[in-house]
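Right, one structure below, let's go through it.
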Amino acid sequence: MDKIIVEGGRPLAGNVKISGAKNAALPMLISSLLADGTSTFTNVPDLMDIKSTSLLLSHLGAQVETCEDTVRISAGDLTQFEAPYDLVRKMRASVLVLGPLVARLGRARVSLPGGCAIGARPINLHLKGLAALGASIDLKHGYVEATAGRLKGADIYFDVVTVTGTENLMMAAALAEGTTVLRNAAREPEIEALADNLIKMGADIEGAGTSIITINGVAALNPVAATIMPDRIEAGTFMMAAVLTRGEVTLLNCEPDHVGALIDKLRLAGAEIEIGDKSIQVKGHQNITSVDIKTQPYPGFPTDMQAQFMVLMSVADSTSTISETIFENRFIHVSELKRMGADIQVSGNIAIVKGVPHLSAAQVMATDLRASASLILAGLVAQGKTEVNRVYHLDRGYQSIEKKYSALNATIQRVK
Ligand code: EPU
């Protein structure tokens, strides 16, 4: 299994081009199931989760062709309606096929994803919504079995803001008969990206990006040609790396509006940030000020940046409080950061982080994508050589991470 070895202490410098967004690409690629014909997506990141999605779509009978950052999907003849355990286990976002399959084929069988390292992550709200649209839902042998005639529009209220839940139901409702209103919908930029993609396919959707989305169902959708937006979490991770190493990095091909909450916190921590059109210049200073954060649905501070921010606070000048409100177990990086000398106390969903002058290198590993990214960040400032194991978590969500850091002057390598 690959590992990454990183030697701390070099300020990062230079430009980094941000790749397409994993969490926008997954639902957009899956939306191709809704139309008969060939959809084309560009700026698709080269990630394990994208490969898993291609495998899943192929398993369902779609033809998937990848050439560099372009993916073509022909979903004319779907031969299967099942997302098997082995594929869903590798990637929870596989549940996103549920809505499109029921809408298009009237039938879906999808393995229940179960818990994962960061929390229980139920899909009850996806199922409640599909039932409201008229699907019969059965849970049997670890699978969700959903069947329906043509789905019927409904008024659906989400108890909890859910990103993939909103996406699943938006895709299902696009082909339903009549009007669906999603209330307390997620407002993440990825939701807007999916809505724009569906609108290009011929869907009638209003309000994406707000908490109330209205979808007037249509009888059929067309294939689409779409470009994947830049990854805001990858962008945020490189911004953090610049501040943490007291470096100066310019992010290219990014969307500054999508990282507003992070920019605000990094400025409070003492960073200098200049915003361009599709670029952000970030400069770190010797003193890092301790700042509190609380994770929230967009436009609040993203849970997907919490682990990385904790590393920054680990070397800040005083004490900060980090509250995780989205997932119940998203502090798995804490024990590894403590092994690197961080001073962190966890009580429930709150971590109290006391800044220390230095972290020290260690052999570490994490069982989650963003936690693994935080360990690389810690390695970039720690004294000595840090060895980050289980790199496959990183490969799920960061394209060529070691090459991008290396081009920014870091001493980092992947060891097979
Ligand atoms: N929830 C329920 N019932 C549901 C659905 C969600 O109780 O039916 C709860 C979850 O347990 C959680 C909260 O609602 O406590 C929010 O979960 P959400 O459904 O929004 O998460 P998700 O859609 O499964 C997406 C991203 C995650 C990101 C979260 C939160 C994708 C493919 N994944 O997950 O990304 O952390 O939203 O922003 O879009 C990552 O990229 O590393 C990652 C984990």
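Computed from a prediction, not measured in an experiment: that's the story for all the values here. In this chain, numbering begins with 1 at the start of the sequence shown.
Listed for the E188 side chain is a donor-acceptor partner under 3.5 Å among the backbone atoms of Y298. Checking side-chain atoms of S32 against main-chain N and O of I73 turns up no donor-acceptor pair under 3.5 Å. Side chain of Y143 to backbone of Y85: a donor-acceptor contact under 3.5 angstrom is found. Of the possible polar contacts, none joining the D138 side chain to the E145 backbone as a donor-acceptor pair under 3.5 Å is found. Formation of a donor-acceptor pair under 3.5 Å by the R92 side chain with backbone atoms of R121 is found in this model. No donor-acceptor pair under 3.5 Å is formed between the side chain of T166 and the backbone N or O of A185. Side-chain atoms of K200 come within 3.5 Å of backbone atoms of A225 as a donor-acceptor pair (strictly under, hydrogens ignored).
In this structure, CZ in F331 is found 6.5 Å from CG in N349, a value given to the nearest 0.5 Å. With rounding to the nearest 0.5 angstrom, the CD1 atom of I18 is 10.5 Å from the CD atom of Q399. In this structure, K385 NZ and I5 CD1 are separated by 7.0 Å, a value rounded to the nearest 0.5 Å. Between D231 atom CG and N23 atom CG the span is 7.0 Å, to the nearest 0.5 Å. One distance of note links CD1 of I123 with OG1 of T164; it measures 9.0 Å at 0.5 Å rounding. Rounded to the nearest 0.5 angstrom, R109 CZ and F81 CZ are separated by 8.0 Å.
Each of V249, I273, V16 was evaluated against M239; a single residue qualifies, I273, per the side-chain contact (heavy atoms from CB on, under 4.5 Å) test. Considering E255, E190, H258 as possible partners of R232, the one that fulfils the side-chain hydrogen bond (donor to acceptor under 3.5 Å, both in side chains) test is E190. The only member of T227, T70, D69 that meets side-chain hydrogen bond (donor to acceptor under 3.5 Å, both in side chains) when paired with T42 is T227. Among I228, L369, I50, the single residue meeting the side-chain contact (heavy atoms from CB on, under 4.5 Å) criterion with K22 is L369. The side-chain contact (heavy atoms from CB on, under 4.5 Å) test with S314 singles out one residue from L244, L377, D343, V353, and that residue is V353.
Counted by atom type alone, T237 and Q308 present one or more donor-acceptor pairs between their side chains at under 3.5 Å. There is a side-chain donor-acceptor pair under 3.5 Å between Q306 and H333. Between the side chains of R390 and T367, no donor-acceptor pair of N or O atoms lies under 3.5 Å.
The minimum heavy-atom distance linking S279 with P256 is given by the pair O-CG, 3.8 Å. Nearest heavy-atom pair across D368 and A117 is CB-CB, 4.5 Å. The two atoms that bring S372 and H393 nearest to each other are OG-CB, 3.5 Å, heavy atoms only. Contact record, Q363 with E336: O-OE2, 4.4 Å, taken as the closest heavy-atom pair. The shortest heavy-atom contact between A132 and I156 is CB-CG1, 3.9 Å. When all heavy atoms of N222 and A35 are compared, the pair lying nearest together is C-CB, 3.5 Å.
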- Query: Stepwise, does the side-chain hydrogen bond (donor to acceptor under 3.5 Å, both in side chains) test hold for T214 with E206?
  - Reply: CA-CA 5 Å; T214 305; E206 267 177 34; 5.9 Å; no
| message | As a quick check of understanding, evaluate side-chain hydrogen bond (donor to acceptor under 3.5 Å, both in side chains) for S31 and N197, giving each step before the final call. | response | CA-CA 8 Å; S31 76; N197 177 86; 2.8 Å; yes
Applying side-chain hydrogen bond (donor to acceptor under 3.5 Å, both in side chains) to T38 and S74, what does each step give before you reach the verdict? CA-CA 4 Å; T38 305; S74 306; 2.8 Å; yes
Going through the checks in order, is the side-chain hydrogen bond (donor to acceptor under 3.5 Å, both in side chains) test met by E248 and Q281? CA-CA 7 Å; E248 189 166 353; Q281 196 183 347; 3.1 Å; yes
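Using cut-offs of 30° and 60° on the angle between ring planes, the pair F238 and Y405 is tilted.
Remark: D46 engages K51 in a salt bridge, criterion side-chain N to carboxylate O under 4.0 Å. Under the 4.0 Å criterion applied to side-chain N and carboxylate O atoms, R330 and E324 are not assigned as salt-bridge partners. Looking at K404 and E234, a side-chain N of the basic residue comes within less than 4.0 Å of a carboxylate O on the acidic one, giving a salt bridge.
Residue K354 qualifies as open at atom NZ: its count of foreign heavy atoms under 6.0 Å is 12 or below.
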